[in-house]
Amino acid sequence: MAYLTTYQVCEIARDTYVINEAGMAAMFLVIGEERALLIDTGVGMTDLPALIRSLTPLPYDVVLTHGHLDHIGGAAQFSEVYVHPADASSLQPIDYDAIAAYVDLLLEMGSKDVYHCTREDIYRTPQMPRLKALQEGMVFDLGGRTLEVIETPGHTAGSCSLIDTRERILFSGDACNVNLLCLEESVTTLKQGLMKIKVHENLFDRNFNGHVGYAGHPYTMAMPVSVLDDALQACEIIIRASQPFVDEGMVFGSKASSITYGKVKISFDPKHIM
Ligand SMILES: [Zn+2]
Ligand SMILES: [Zn+2]
């Protein structure tokens, strides 16, 4: 018997909340003195404007770390969202049937043991949000707290991460985690994206990715501290082919191989390394 409804909220730092939507995707609400920022919009089963209002009365902006369906599902609940132009096509329009298939998959992977929800809970909104370009170096000034955008391609072409310098948190979307998918871009592109994070390493202590509590796991934790260096080492192994690749079969519709180094597994297209 499950049971929570579609989401749970945890406070991970001062004025900083993770919204774990049914173990399918995690969003973050970051609140300053004058504005707030929502990072990602989940699969779209949650009334996000109402939830945000319950957490802060301040005006806010909405940023998408990348264009994958599990991060953009609720985007049409807002009149405008920021997304990198390289990932914007997935909102023109949002493919709710594909999101429903992802919801079914994640329920079977364990979310249904914790959450009481189905594909019918997805809010399907025909009106798409206005898209504003997310770019390297943009700064969201929330009043007494700023978040800087860095472009971290690899997981997708338009993947971006945000650094909260006050609370010293990296919000990495799907760009730097222990189960890193590099199925659309080359491994050399992924490595370049990770190197961008490495350059900013002195600005953060914790890396929260877009999937805390994945598939019903009862954890709300940052990524292990070694994740960035382990991921860079794994890229190096793949590029140099210095270890045999593991055949993963099909991963989210793509034929994939993998390499594991330390705490990180990278799944990649063996025909698209350079
Ligand atoms: Zn993704
Ligand atoms: Zn994701």
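All values below were derived from every heavy atom in this structure, side-chain atoms included, with hydrogens, water molecules and symmetry-related copies excluded. Just follow the structure's listing: the first ligand is 1, and inside any ligand the first atom is 1.
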Quick one, M195 with L232, criterion side-chain contact (heavy atoms from CB on, under 4.5 Å). Give me CA distance, side-chain angles, the key distance, then yes/no.
CA-CA 8 Å; M195 285 301 296; L232 280 163; 3.7 Å; yes

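- The N, O or S atom of H211 with the smallest distance to the Zn ion (ligand 2) is NE2.
- Under a 4.0 Å N-O distance rule, the pair D230/K263 does not qualify as a salt bridge.
- Residues H71 and H211 place their aromatic rings such that the two centres sit under 6.0 Å apart.
- A salt bridge links K265 to E248: one of the charged nitrogens lies within less than 4.0 Å of a carboxylate oxygen.
- With no hydrogens or angles considered, no side-chain donor-acceptor pair links N209 and S172 at under 3.5 Å.
- Under a 4.0 Å N-O distance rule, the pair R124/D97 qualifies as a salt bridge.
- Under 2.8 Å from the Zn ion (ligand 1), one finds the following protein N/O/S atoms: H66 NE2, H68 ND1, H155 NE2, D174 OD2.
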